[in-house]
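What follows is one structure encoded as structure tokens, with my remarks underneath.
Keep in mind that this is a model prediction, so the values were computed, not measured. Note on naming: letters A, B, ... go to the chains in the order of the sequence lines (proteins, then strands), and numbering restarts at 1 for each one.
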Amino acid sequence: MNTVLWIVFLPILLFVIGTFMLGYSRKYVARIERRYGPPIQQVFYDIFKLMSKKTNISHGWMHDFAILMLLGGTLLTMYFVPVPGFHFFAQYGDMLVIMYILLIPALGMALGVGETANPNGSIGISRALMMLAGYDIPFVLTFIGFAMINHTTSMYELIQVQQAGGFAGWGLISQPLLGIAALIALQGMLGEKPFEVMVAPHEIATGPMTEMGGKFLGIMMIQHAISIVVELTIYINLFLGGAVNWFDYLLKLFILFTALISVNAVFGRFRTDDAVRFMWKIPLPLAIIGILFIIF
Amino acid sequence: MSIVSNLLLLTLLGVLLNVIFYKSEVVQKYISLIIFAILTYLSIVMYPLVGSHFEIPFLIAGQHIGFTITYLNYYFALMITGITLLTVIFSLKFIKGKEGNTHYYTVLFLKTFGMLGVILSSDLLTFFVFWEIMSWSTFALMSTGGEPAHRSAFKYFVFAVTASMILMAGVILSYSLFGSFDFAVIHGKMASLSLPMTGFLLTIFITSFSIESAVFPVHSWLPDGYSNTFTTFTAYLSGISTRIGIYGIILFLFGVFGIQTVDKLGIIGKINFRYVFGIFAALTMIVPTFTALYQHDAKKLIAWHSVGQGGYMLIGLASGSALGIAGGMFHVLNHMAYVVLIVFAIASVEYRTGTTNLNKLGGLIKKMPVSYLALLFGIIGLAGLPPMNGFVSKWFIYRALILGGYPFLAIAAVIGTLGTILSVYKLIHNMFLGQLPERYNDVKEVGFSMQLPMWILMIVVLGLGVYPGLAMGLIAKIQVSLGLAAVPYALHGIKAASGQLDMLVVSAVFIGGIAVTWIIYLLGNRRKHVGQYNNYAGGNFLNKSVAYNFNYEFYAALEHVIDPYRKKIIERTERGIASVTDAVSEYIRRIYTGMINTYGIYVVTAFVVTIIILKELI
Amino acid sequence: MVNPILLIIIPLGTAFLISTLASALKNTTKYLALLALLANVWISISLLPEVLQRPINVIIAGVKPPVGINLFVGPLGAVFSVIISIAGVLILLYSFKYIEGEQQHKYYTLFLLLITGSHGMILTGDVFNLFVFFEILAISSYILVGYAGDKNGFEAAVKYLILGSIGSIFILVAIALIYEGTGTLNMADLAGKFSTLDPARRLMILVFFITGMGVEAAVFPLNSWLPDAHSSAPSSISAVLSGFVIEIALVVIIKFVYTIFAMTEVLGFLAVAGVITLLVGEFAAFRQSNIKRVLAYSSIGQIGLILFAMSLNSKAGINAGMMQIINHTASKSILFLTAGYMIVKTGSYQFSDYRGIAKKMPVSSFFFVLGVLSLLGVPPFFGFFSKLNIIIAALHAGGAFYITMVFLVLLGTIIESIYFLKILQVFYARDTAILDVKEAPFLPLLSIALFSLVILLGFLFLPQITSYTGNIASELVTKLQMAQVF
Amino acid sequence: MNGILSVSTVLNTASAGLIVLGLYIVFTQKNLIKMVIGLDLADTGVNVLLVSTGYIKGNTAPIFSKAGLQVSQMVDPVPQALVLTSIVIGFGVSALALALIIRLYQKTGTLDTSKIRGLKW
Amino acid sequence: MDEKITQRSVWEKISAKLSKRSLWMLHYCTGCGAIELPPTMTARFDMERFGINPMVTPRQADILLITGYLSVKTLKRVVLTYEQMQAPKYVVGFGSCTINGGMYWNSYSTMKSLDRYIPVETYIAGCMPRPEAIIASFNELINKIDRGEANSWKDYYNNYNFYKENQEHTFEGPIETYNDIKADAALFNIK
């Protein structure tokens with residue numbers, strides 16, 4: 001019975017957490033810029049306003065289906081990532097499945113934006129995919145390293161292993177190199193400032209979101225909120241020993257998110273090829289060396 | 001035991017009839033359709049006859065032409081006849097009136113005859129005889145369709161002849177070593193062979209099959225060869241033709257030599273024959289996929305991908321674990337399904353717009369939704385994303401590589417996947433998305449005869465994706481017949497006890513997610529449909545004359561990153577070999593100087609040299 | 001039992017008949033020649049079954065050997081006379097239309113002389129008689145090479161003549177040494193006495209003979225005349241030369257080494273010479289642009305292959321070599337004959353000018369393809385079985401040396417298939433530059449068709465052919481001839 | 001046989017000398033006619049060798065002209081028969097060679113082998 | 001142009017209260033007004049407190065801020081951008097140039113008052129008003145939305161002909177914006 005409850009309320013729960021985190025991040029960045037910044041619930045207002053827009057421009061059936069695919073994919077990923085107290089779906093799909101499901105929203109958005117036939121959108125998408133190629137290789141590599149040590153590809157079992165070892169068992173502590181590489185890759189995965197070239201406002205009019213307005217943009221913001229929480233949970237499950245209870249989970253989420261957005265707040269934006277070169281020059285070798293340590 | 005003879009005789013009949021009626025297209029069309037339909041029916045019905053042997057009483061060098069049906073060649077026969085039937089259905093309208101299509105169906109029949117013979121053969125000699133017929137008919141098939149096809153077919157031929165000559169050496173060397181051509185006998189006597197000789201023999205067979213299945217260093221013939229001929233042939237070739245090489249590798253690696261003997265060939269510690277083969281497979285995954293990024297022609301892009309995907313199959317086989325081998329074999333079927341689907345979509349675009357140049361196309365989704373859907377299913381399969389079949393076999397291969405302890409091969413697979421996703425999106429974006437150019441305003445969707453194969457393949461791609469168990473049953477039987485451990489499969493993924501894959505649940509949750517989003521979508525107000533020129537372009541007015549698609553140099557930034565590492569080693573080595581042969585033949589040609597005096601001196605020198613040499617001998 | 005001597009007398013008699021009655025018969029001489037050769041075909045085929053029981057020994061002019069001359073017709077002689085007469089008839093049929101002009105009676109006399117020479121060389125049991133027939137064969141082929149009457153024809157004829165006479169000088173020296181050593185010229189008698197000679201003399205005889213006969217058999221360093229002779233001779237004559245003339249010389253060498261000299265150590269050396277000839281022939285042909293020169297170099301390659309097969313010192317080797325000879329005679333004649341009419345119709349020797357000829361001359365291009373496929377050893381054709389047997393025989397000999405030899409042979413086949421494919425692609429190119437070319441007349445096509453029957457239906461008669469070639473192999477290996485001395 | 005100067009060694013060395021001389025002429029001379037002469041020289045050398053094989057010391061020519069001549073006193077007649085045919089063949093070949101050279105000269109206008117190199121490579 | 005305040009349902013009151021807190025602004029930086037915007041956005045005045053963010057595309061924007069004089073050519077772009085914006089959209093005229101032509105009152109090439117071409121919600125007077133004025137006018141706009149009176153965008157549909165004539169008079173002919181205003185009007189059931 002409580003799995004059904006979990007299934008119904010998990011999306012709402014993560015949406016609320018994600019939106020408050022986004023609101024918090026905007027206030028945090030504002031505070032760094034010595035200004036008050038919007039209230040915490042600002043993102044709720046934005047999403048509500050977008051959803052209540054009178055006209056919602058759409059360029060074709062693929063544009064609509066892409067939005068469904070976008071949020072649908074993120075919800076799918078959400079269910080498969082173990083959260084404290086709920087890992088019902090974990091036995092049906094392991095880390096590899098999660099790695100691939102993460103790509104469905106990206107593909108969905110790409111198809112939808114392609115349908116809008118806006119040149120800025122296409123440039124944005126090509127940059128987003130190149131960035132994907134950049135950060136995904138180190139990230140999957142770190143996971144491969146872990147899966148190899150523990151001879152399992154299931155994320156739930158990895159959490160058990162880490163929790164069994166207590167603080168020292170954390171991924172970040174036992175394999176520091178892999179942890180750091182994954183952290184940098186995570187920065188790219190969340191689309192934070194140094195790797196935010198695909199949504200550059202002035203250069204390509206927020207890239208993929210050029211033609212997204214009204215409820216389309218609203219759903220994209222919902223998706224963005226949930227996916228941030230999901231990706232952070234993945235990192236926590238792999239490297240910070242998963243969460244024993246919800247307080248520990250929220251604490252880790254908060255600390256990790258603050259770390260990332262503080263980097264986001266102070267860094268400028270890389271060019272695409274510089275970003276990919278950075279991703280392939282720093283985190284990738286780190287991950288490879290990490291794996292070499294594991295083998296020998 | 002008449003099924004095998006019917007299969008082969010029927011294909012020969014097909015060749016004969018098509019040669020007789022080469023004048024009229026209509027007769028050829030319907031003959032081929034009927035015959036291939038019967039062939040597919042026969043190969044499906046062949047299942048109960050697995051294990052039976054059939055011989056033609058014709059003796060070559062003491063060996064009858066023998067055929068036998070095993071689960072492995074039943075699996076491949078199904079694929080061959082199935083895909084050929086779909087290609088014929090698709091090309092009923094596609095090939096009508098195209099220049100140079102008189103021998104279209106004849107060549108197709110000849111090729112099927114060769115392939116069926118290869119996979120059904122029970123001994124090395126029949127295998128080699130049909131292998132020669134197959135490689136000649138592939139050459140003929142590749143050279144239909146204009147002048148560039150001739151050049152690329154010639155390049156294929158050079159590789160194919162080398163492959164068949166190496167195979168001939170291997171066949172006869174094993175005959176002289178084991179005294180018989182029969183697979184079973186050789187498998188029995190394999191233990192008696194010394195280690196270095198087994199290694200040498202295995203390398204010979206595996207090299208010739210690698211040339212045919214375009215493994216990394218010898219793959220350069222495939223992209224041009226497959227893309228310069230008719231597009232339906234590109235589908236047919238990249239779907240099944242290169243996979244006969246994979247059949248050969250499976251048969252010899254596991255059937256004839258057996259996994260135990262192969263594992264004895266260790267070099268140092270963990271590095272054994274399979275690991276070295278895995279490295280080649282890994283290179284086959286990475287290099288072609290990132291070359292596909294640079295392509296401007298849809299057919300070339302897909303041809304490069306079929307090379308890359310071949311790498312996945314080989315790395316699955318090279319991993320050696322039950323899961324990996326099952327993944328490799330399953331990937332052959334999956335790849336065939338989605339690559340043929342993609343190329344059919346490209347063919348229908350070419351049929352309507354007349355070009356496959358990615359820089360010139362765009363926005364066709366508005367005019368050809370079915371082809372778009374087909375291409376979408378195909379690229380999701382090719383990229384290996386969950387709901388489609390590509391993901392399942394890739395998941396098997398990944399899991400086998402990780403649990404088998406091959407991190408670097410797994411890394412290569414990851415890099416290959418990402419390269420695929422990028423170039424695959426470029427394909428669908430440049431062709432179907434973006435602004436529709438003015439010249440394609442009156443394009444219509446393709447007719448039913450071309451849509452039918454696409455619908456069938458879409459169902460196969462999705463069906464196998466959600467219910468992989470349908471094919472895993474046969475693959476498990478194959479593994480058992482080859483003496484390997486069978487993979488613990490369930491109808492929709494891996495059995496719950498031993499693994500973490502349940503495609504039904506994944507797809508169900510995905511549908512659930514889409515339903516939830518659809519509800520949220522309905523909360524908002526109704527959507528307003530706008531045309532393609534109602535677009536924000538910095539306040540400028542968009543119209544026909546300024547319709548701009550971002551197609552050219554789609555991944556310019558990534559290309560700047562990769563360019564310093566692209567040394568084009570393969571092209572340089574090939575040019576090197578070609579110039580060396582030319583130089584040698586030029587030098588030898590000059591021996592005949594035309595001066596009668598020098599000829600006389602040649603005779604006397606030969607005389608003296610013979611005396612000196614023979615003095616020692618006698 | 002028909003007396004085999006007729007095989008020599010009939011062509012010789014008709015040759016002189018034709019040359020004397022030339023003015024009376026005008027251009028009906030060719031039918032006389034055809035009659036003679038048909039008779040030859042009937043005789044040689046009728047000889048075949050008898051020869052299998054026991055070889056026929058024919059005494060000429062009543063004087064018994066070792067003083068008199070005798071004919072020894074074993075399986076080798078019978079099979080070869082069948083090959084010669086059938087090929088001769090078909091090529092004669094081809095040259096009915098090919099050789100025009102009132103001087104054609106000269107062509108037919110020389111043709112018949114050439115056939116006499118070849119029959120003589122293969123059937124004779126006496127060494128000096130062998131030399132005489134060799135000279136008849138050589139002289140008639142010198143003239144026939146220059147028959148076309150153009151600058152290239154005469155240049156090739158002169159070169160061929162000079163090299164040929166150097167070769168005959170070497171053979172004559174060998175014969176002199178033989179007679180000085182053993183006092184006998186009869187092959188059977190010589191075989192017995194040869195082993196008594198001291199090693200130095202035996203070596204000299206062997207080397208003189210091999211070099212002399214090697215010039216005619218086109219082994220590597222000695223075959224400099226072949227490319228010029230075959231490319232500038234009229235195509236029917238190149239077909240004859242490549243078809244069976246060089247094979248006869250080769251078989252004579254092999255017969256002498258196996259039965260008379262009985263020095264099997266030499267075979268290793270001959271095998272290496274064969275492979276070198278193969279590689280030189282293939283590589284030289286790789287960059288040719290004149291179609292007949294390509295075919296000439298390819299003949300050198302094939303001769304190398306046959307020599308390699310024959311000198312494997314095993315029954316299987318000789319059997320495979322004989323099958324390869326049959327295949328080479330048939331397919332090389334097809335190629336030369338079809339090329340002949342292509343040159344006549346397009347007026348150019350460069351095959352790059354035949355772009356898209358398949359549209360205008362579909363039948364001859366089709367036969368050309370058949371010839372190429374059979375020469376390369378592609379399965380359904382006869383060439384595949386002969387090449388398969390050669391490589392089986394080679395690998396049965398075993399050892400790393402033969403494995404490397406086999407890989408070199410396969411390398412030669414790869415090169416060969418590449419340059420032949422270049423030609424085929426030019427034939428079947430779609431952008432045709434040739435407009436006014438018409439198909440070759442019916443008669444030549446008939447003769448080419450009959451040749452292609454051999455390679456197409458070869459695999460049906462495989463058991464019969466292998467039985468004959470098997471007997472040849474046993475004849476050579478068990479020195480059958482020596483048992484039938486008197 | 002007194003000392004080394006027996007008849008057979010003299011004849012053998014003479015024939016060897018002739019053959020070597022003839023072949024030397026063929027290989028070095030550029031003029032075609034000189035080459036034919038060289039060939040004839042080599043041919044005669046071989047004939048000398050052939051004849052010398054039949055020599056038996058002290059015997060006379062194998063002709064039954066005088067009554068009481070026994071076969072054992074005659075020289076071996078067989079090589080002489082061979083030499084006859086060989087000379088006839090040599091004569092035929094040289095005649096043919098010269099005829100061809102004349103026609104070649106008409107066509108090319110020169111006898112120099114280094115210039116007649118139409119067919120090469 | 002005062003609009004009779006119709007009776008709003010409870011849901012409209014709540015949604016107005018919520019959506020007034022998030023206004024995204026597409027500012028058309030022309031004339032000398034653009035320089036006033038950065039100070040309002042940054043630390044000293046920080047308009048983000050009120051949920052007002054600068055946005056780049058009309059599809060996402062609610063407020064279209066015209067910050068100075070508009071020549072004929074730029075007016076065409078403004079009209080096109082206005083029509084591309086999504087429904088509850090508010091135009092804010094910035095500075096005297098948009099009110100009555102400002103210092104370019106007698107220029108031959110600039111348009112004199114903005115609301116003859118597109119319906120304007122609020123004006124900010126001043127020959128380049130200071131950030132305090134901007135913040136004040138935005139608060140005024142927020143309250144107006146809250147009271148449900150900010151319906152100028154409906155006015156564009158109600159008397160579209162008026163606007164059309166003025167535009168065509170200035171542009172000497174219609175401009176192709178691919179927006180069927182009549183159909184949109186039906187969409188929002190405005191007669």
Checking heavy atoms, do the side chain of [X], its backbone, both or neither come under 4.5 Å from chain A?
X         : answer
Ala383(B) : backbone
Ile428(B) : side chain
Tyr548(B) : both

Got more than 12 heavy atoms from elsewhere within 6.0 Å of [atom1], [X]?
X         : atom1 : value
Tyr467(B) : OH    : no
Arg566(B) : CZ    : yes
Phe541(B) : CZ    : yes

Using side-chain heavy atoms (C-beta onward) and a distance below 4.5 Å, is [X] in contact with [Y]?
X         : Y         : value
Ile104(A) : Pro386(B) : yes
Lys528(B) : Ser58(A)  : no
Trp518(B) : Phe65(A)  : no
Leu292(A) : Phe408(B) : yes
Pro407(B) : Leu141(A) : no
Val506(B) : Tyr92(A)  : no

Of the listed residues ([options]), which shares the most heavy-atom pairs with chain B below a 4.5 Å separation?
options                                  : answer
His59(A), Arg277(A), Met78(A), His151(A) : His59(A)
Asn120(A), Leu75(A), Asp94(A), Val276(A) : Asp94(A)
Ile288(A), Thr152(A), Ile125(A)          : Ile125(A)
Ile222(A), Leu107(A), Ile67(A)           : Leu107(A)
Ile137(A), Asp273(A), Leu76(A)           : Leu76(A)
Ile219(A), Val113(A), Thr77(A), Thr55(A) : Ile219(A)

On a heavy-atom basis, which atom in [X] and which in [Y] lie closest, and how many Å separate them?
X         : Y         : value
Leu558(B) : Met130(A) : N-SD, 3.2 Å
Thr517(B) : Gly72(A)  : OG1-N, 3.5 Å
Tyr565(B) : Lys281(A) : OH-NZ, 4.3 Å
Ser126(A) : Phe550(B) : OG-CE2, 3.6 Å
Leu418(B) : Ala133(A) : CD1-O, 4.2 Å
Arg527(B) : Lys215(A) : N-NZ, 4.3 Å

Which answer fits [X], side chain, backbone, both or neither, if we ask what part of it has an atom under 4.5 Å from a heavy atom of chain B?
X         : value
Phe146(A) : neither
Ile101(A) : both
Phe89(A)  : side chain
Leu71(A)  : both
Tyr100(A) : both

Practice problem: Please lay out, stage by stage, how Phe80(A) and Val505(B) fare under the test side chain to side chain contact (heavy atoms under 4.5 Å, CB included). | Solution: CA-CA 10 Å; Phe80(A) 274 92; Val505(B) 169; 4.1 Å; yes
Ignoring hydrogens and geometry, is there a side-chain-to-backbone donor-acceptor pair from [X] to [Y] under 3.5 Å?
X         : Y         : result
Tyr536(B) : Thr210(A) : no
Lys54(A)  : Asn525(B) : no
Asn56(A)  : Gly524(B) : no
Asn535(B) : Thr116(A) : yes
Gln435(B) : Ala117(A) : yes

Self-check item: Rounded distance (nearest 0.5 Å) linking atom CE of Met62(A) with atom CG of Leu373(B)
Solution: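 Between Met62(A) CE and Leu373(B) CG, I get 9.0 Å after rounding to 0.5 Å.
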Exercise. Kindly determine whether Phe510(B) and Met69(A) satisfy side chain to side chain contact (heavy atoms under 4.5 Å, CB included), including the steps that lead there.
Key: CA-CA 8 Å; Phe510(B) 184 44; Met69(A) 210 169 143; 4.0 Å; yes
Quiz item: Does Tyr372(B) have its ring centroid less than 6.0 Å away from the ring centroid of Trp61(A)?
Solution: yes
